[in-house]
Each structure stands twice: as C-alpha cells, then as structure tokens.
K.L.:
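I'd like to ask some things about the structure below.
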2 protein chains.
Amino acid sequence: MPSPSSQAKEPTALDRIRKAGLRPTRQRLALAKLLFANGSRHVTPESLFNEARSKRVNLSLATVYNALHDFTECGLLREISIEAGRSYFDTNTTEHHHFYFERTGKLQDVSLDSVRITSLPDAPPGEKVKRVDVVIRLAK
Amino acid sequence: MPSPSSQAKEPTALDRIRKAGLRPTRQRLALAKLLFANGSRHVTPESLFNEARSKRVNLSLATVYNALHDFTECGLLREISIEAGRSYFDTNTTEHHHFYFERTGKLQDVSLDSVRITSLPDAPPGEKVKRVDVVIRLAK
DNA sequence: TCTCGATTTAGAATAATTCTAAAATCCGTT
DNA sequence: AACGGATTTTAGAATTATTCTAAATCGAGA
C-alpha cells in the first residue's frame with residue numbers, strides 16, 4: 001500500500017510551490033508546510049517566524065517576509081489589512097470575509113454566502129472593482 | 001447684519017472640541033479647522049501635518065498624532081485601516097463604506113445605502129458586532 | 001561536477017508611531 | 001492681572017514593523 005488513503009488529496013507543499021512557478025527551496029517548503037498543513041490560517045510575519053523557529057526550522061525573518069510576499073504574488077496567499085502597523089496573510093485565497101476579534105487581534109473566516117451583499121455602487125470611471133473586503137469587527 | 005447667512009450652521013471647531021470634552025488648545029483648534037472646514041475628508045497623520053505646516057500652523061508631528069487619537073476617542077473622527085503601515089482618519093463618523101484607489105492610495109466615501117447587506121452571520125458567543133467595514137478596492 | 005541566476009541572510013536602513021520628561025499653556029481661582 | 005495645578009505640547013529618543021543591501025549560499029540544468 002503506497003498510501004494510507006486513496007481519497008483526493010490536498011496538494012503537497014512542493015506541488016503548490018512548483019505550480020506557482022517558484023523554486024522549492026528548503027525555507028519555502030518549510031513555510032508552505034506550516035501554512036498549508038491543515039485548514040485556513042491567518043498569520044503575521046512575526047507569528048510565522050516564531051512558529052518556524054519553535055519547530056527548529058532555521059531561517060531569518062527577512063526570508064519569512066520574502067516568502068509571504070512571493071506566495072501572495074503567486075496567489076498562494078492573500079494579504080489582509082485590518083490594523084495599521086500589522087499585516088496578516090490568509091491561506092484561504094477564495095473569496096470570503098472576516099470576523100476580527102479586537103480583544104485578541106485574531107481573525108476568523110466568514111463564508112462568502114453568510115454575508116449577502118445585494119447592491120454595490122458602480123466603480124468610478126476608469127476603475128474596476130478588484131475586491132470587496134468585509135470586516136466584521138467584534139468587541140465585548 | 002451679524003452674519004451673511006442665517007441657515008443652520010455646521011458647529012465651529014471650538015464647538016466640536018468643547019462638546020467632546022477636550023481642552024480647546026491652539027493646536028487642536030487649528031487641526032479641527034482644517035479637518036472639518038468643508039465636507040468629508042480622509043487624512044493620514046503625515047498629510048495633516050504637512051497641510052498644517054503649509055498653512056503656517058506651528059506644531060509638531062507628535063501633536064498631530066495626539067490630536068488625531070484624542071479626536072477619535074471622542075467620536076470626532078473614525079480610524080480606518082486599509083493598508084498595513086499607514087493609518088487613515090475619516091471626518092465622517094456616520095456609518096458608511098469606502099472605495100480605495102490602490103493606484104493613488106486615496107479613499108472615497110461610499111454611502112451606506114449604496115451597499116446593501118442583506119445578511120450577516122451571528123456574532124460568535126460572547127462577542128458583539130461593533131462595526132462592519134466594507135472596502136471596495138479599485139484598480140485599473 | 002560546474003556554472004549562473006535565484007534565494008537567503010545578517011545587519012543596516014527606513015518608515016510609522018509611540019514614548020519621555022521638560023517646557024509651555026490653559027483656565028478656574030484669587 | 002497674576003497664581004498654581006493639571007493638561008498639553010514638544011523635540012528628540014525609542015520602539016516596532018518592514019525593506020534594503022550586498023555578500024554568501026543554494027538549486028537546477030549542462
């Protein structure tokens with residue numbers, strides 16, 4: 001038995017990086033494994049760096065920034081701006097929205113269909129709507 | 001004739017600051033005049049500082065930060081997070097949304113009723129929805 | 001294995017913001 | 001109008017997040 005399961009699998013970290021046209025370096029592979037291991041995640045450069053460190057992955061903070069930006073440009077991640085002075089990267093690149101817990105600074109996905117937007121203004125002349133971000137801010 | 005117009009007036013800068021319970025210092029008055037002079041505005045601390053400087057208002061950048069935060073706490077302004085590493089303050093504190101022009105970094109108000117949200121998820125237990133921010137990102 | 005462009009890295013540099021503590025200001029009371 | 005205490009302002013240092021730099025290392029094809 002080559003594999004314990006024959007269900008359709010998530011692509012491996014290597015697959016994802018290859019498909020994105022990036023060189024699969026040791027650092028990118030390690031980060032991709034952390035990021036895409038299970039389910040949707042929201043990381044900051046700092047949080048991912050600490051996580052990698054704690055798992056004995058040896059890399060520099062600059063590399064985490066590089067990788068997060070490279071992944072974002074290739075569509076593997078999506079960047080979210082919630083608070084000035086802190087960037088979040090989301091492994092869920094499908095269209096969706098967010099809860100933002102102000103007390104903890106954590107994010108949680110909100111599925112696209114639980115927020116129904118039934119009208120939107122026209123884009124101003126010469127511009128196109130690139131994305132509509134909905135952030136539901138939560139507090140006590 | 002005491003005044004060229006007898007229509008209902010916008011509150012003066014002094015009124016606003018007094019009503020907010022803040023001391024009307026020279027700096028706060030000058031900034032409030034710039035901010036609330038006409039219509040809705042979106043400023044960054046830097047942009048407001050430069051504007052004040054160019055009008056010969058003598059103050060320090062730290063004071064602009066202090067005033068913007070004080071005004072925000074008192075409900076005179078609203079803070080908006082659009083891009084990591086840059087904060088925007090909006091003189092329109094009524095509920096509304098925004099266009100964000102990625103090319104120029106400028107914001108434009110979108111009235112509440114041109115974005116119709118007909119369903120929202122329940123807030124997670126123990127949390128309340130404090131605000132729903134919709135940002136319509138525009139590009140070429 | 002060799003080679004060369006891509007990637008990583010440490011540390012410096014930059015940018016935005018906050019902090020510090022001293023000086024100035026505001027304003028109610030004299 | 002001067003007084004005095006709390007508030008505010010300020011310059012500059014400190015902090016935080018991020019980007020840059022240029023040298024070292026790595027990855028993949030010949």
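Just so we're on the same page: letters track the sequence lines, and every chain starts at 1.
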K.L.:
Is B:Arg131 atom CZ crowded by more than 12 heavy atoms from other residues, nucleotides or ligands, each under 6.0 Å away?
P.N.:
yes
K.L.:
May I ask you to decide if the ring planes of A:Phe89 and A:His69 are parallel, tilted or perpendicular, using 30° and 60° as cut-offs?
P.N.:
perpendicular
K.L.:
Could you state the atom-to-atom distance from CG of A:Asn66 to C1' of D:dT18 in whole Å?
P.N.:
11 Å
K.L.:
Run the salt-bridge test on A:Glu46 and A:Arg86 with the 4.0 Å N-O cut-off and return the result as yes or no.
P.N.:
no
K.L.:
Under 3.5 Å, which N/O atoms of the protein pair with N/O atoms of nucleotides 24-30 of chain D?
P.N.:
from	atom 1	to	atom 2	distance (Å)
D:dG27	O4'	A:Arg23	NH1	2.8

K.L.:
Should A:Asp109 and A:Arg41 count as an ion pair when the cut-off is N to O under 4.0 Å?
P.N.:
no
K.L.:
For a side-chain hydrogen bond (donor to acceptor under 3.5 Å, both in side chains) check, start with the C-alpha distance between B:Asn92 and B:His42, then their side-chain angles and the critical distance, and finish with the verdict.
P.N.:
CA-CA 9 Å; B:Asn92 181 350; B:His42 305 95; over 6 Å; no
K.L.:
Rounding to an integer number of Å, can you tell me how far B:Leu29 CG sits from D:dT8 P?
P.N.:
13 Å
K.L.:
Anything under 4.0 Å to a heavy atom of chain B counts; send over the first and last such nucleotide of DNA chain C, read 5' to 3'.
P.N.:
C:dA16 to C:dC27
K.L.:
Mind checking if B:Asn58 touches a base, just sugar-phosphate, or nothing, with heavy atoms under 4.0 Å?
P.N.:
sugar-phosphate
K.L.:
Select from B:Ser60 and A:Ala62 the residue whose nearest nucleotide in DNA chain D is closer to the 5' end of that strand.
P.N.:
B:Ser60
K.L.:
Quick one: on DNA chain C, does B:Arg86 or B:Leu22 contact a more 5' nucleotide (nearest heavy atom)?
P.N.:
B:Arg86
K.L.:
Take the angle between the ring planes of B:Phe36 and B:Phe71 and call it parallel below 30°, perpendicular above 60°, tilted in between.
P.N.:
tilted
K.L.:
Between B:Gln27 and B:Thr63, what is the shortest heavy-atom contact and its length?
P.N.:
CB-CG2, 3.8 Å
K.L.:
Both B:Leu61 and B:Arg28 contact DNA chain D. Which one's nearest nucleotide lies toward the 5' end?
P.N.:
B:Arg28
K.L.:
Rounded to whole angstrom units, what separation is found between the CZ atom of B:Phe49 and the P atom of D:dT9?
P.N.:
14 Å
K.L.:
Remember a base hit wins even if backbone is also touched, and classify A:Ser87 as base, sugar-phosphate or nothing at under 4.0 Å, heavy atoms.
P.N.:
sugar-phosphate
K.L.:
Can you tell me if CZ on B:Arg56 sees more than 12 non-hydrogen neighbours from other groups inside 6.0 Å?
P.N.:
no
K.L.:
Under 4.0 Å between a Lys/Arg side-chain N and an Asp/Glu carboxylate O for B:Arg28 and B:Asp70?
P.N.:
yes
K.L.:
Send over the distance from B:Asp70 CG to D:dT7 C1', rounded to a whole Å.
P.N.:
11 Å
K.L.:
In whole angstrom, give the distance that lies between atom CG of B:Leu68 and atom C1' of D:dT8.
P.N.:
15 Å
